[in-house]
Amino acid sequence: MFSVENNIRGRIIISDEGLNGTVSGLKADCQKYMDFIHVDPRFSSTEFKIESFDKHAFTKIHVRYKPEIVHSALRHLDPNIKTGKHLNPAEFKKLKDQEDVVILDVRSNYEHELGHFKNALTLDIDNFRDFPEKVKGLGHLKGKKVLTYCTGGIKCEKASAFLLEQGFEDVYQLHGGIIKYGMEAGGEDFEGKCYVFDNRIAVEVNSVNPKVISTCHVCGTHSDRMINCANPTCNDHLAICEECGWRMEGACSEACQENPEKRPYNGTGYYQKNTNGYNPYNSIIRKSELAEISK
Ligand SMILES: [Zn+2]
Ligand SMILES: [Zn+2]
């Protein structure tokens, strides 16, 4: 209710492990939201990463309870007890070029294909659930310092805890993730853009030595223009250049272009779910009505 009344939109996950989410709103409203969270003694030390943007980054507000903040198949690990050593952006920047260091990207394909740290080891995974399986193939790195990183530092809590459990001894994690590294260390040596889970899709983090690393899925030229395939049953997140976007009508392949369900392409490659008549109070009202009925 707090979020609705203050026009805060976004995605918030509440679990027994803690709280995580991204929201957007006017500066004053976001400040109220942060104060609201900090008043609760359980969340008094919650850290916020603040970025400015000229419009809402979300269309709705979603608040959900989940057993784990990031679905990982690693529910037995409690990062509050044991996890990789936290490195702040300046420490990470200093350590990452040392010789005995491996930088490990714990994110999925569509994320690291758009951007990753120079020399990072990336994993061929479509979902964080597959991370434990891939770690089995990394045994040869056990004697090295392993530096994990992800978007906002949340996945790393579990990923680095899992590495420790698997016998990796010297494990570190980038505290606050790529986003904070961009804000506090200028994003140096992060190549490409950072994939984010809101309407912005991709954000710049490197103001020191930026580089485009992704290529258009259709023609292979350098492009970091992420779109969703216009075929709703495919809906793949891909880099497709401006020209190919128009030529393929937003589809990632000829098969997708010919799909009868294909959505009209407007040049953005972003497809809003149908939100006509959207009212954030609806689900709240519906639930209280249900409570009435069940009485
Ligand atoms: Zn192209
Ligand atoms: Zn497609």
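When reading the values below, keep in mind they use all heavy atoms of this one structure, side chains included, and skip hydrogens, waters and symmetry mates. Nothing here was measured: the structure is a model prediction, and the numbers come from that model. Just follow the structure's listing: the first ligand is 1, and inside any ligand the first atom is 1.
Remark: aromatic rings of Y181 and F92 are close, center separation under 6.0 Å.
The Zn ion (ligand 1) forms the vertex of an angle spanning SG of C241 and SG of C244; to the nearest 10 degrees it equals 100°. One finds an angle of 100° at the Zn ion (ligand 2) between SG on C256 and SG on C229, to the nearest 10 degrees.
Classification of K32 and E5 as a salt-bridged pair fails, no side-chain N sitting under 4.0 Å from a carboxylate O.
Below 30°, between 30° and 60°, or above 60°: for F128 and F131 the angle between ring planes is below 30°, a parallel geometry.
Coordination check, C219 versus the Zn ion (ligand 1): passed, since an N/O/S atom of the residue sits under 2.8 Å.
H175 and E157 are not linked by any side-chain donor-acceptor pair at a separation below 3.5 angstrom, with hydrogens and angles left out of the test.
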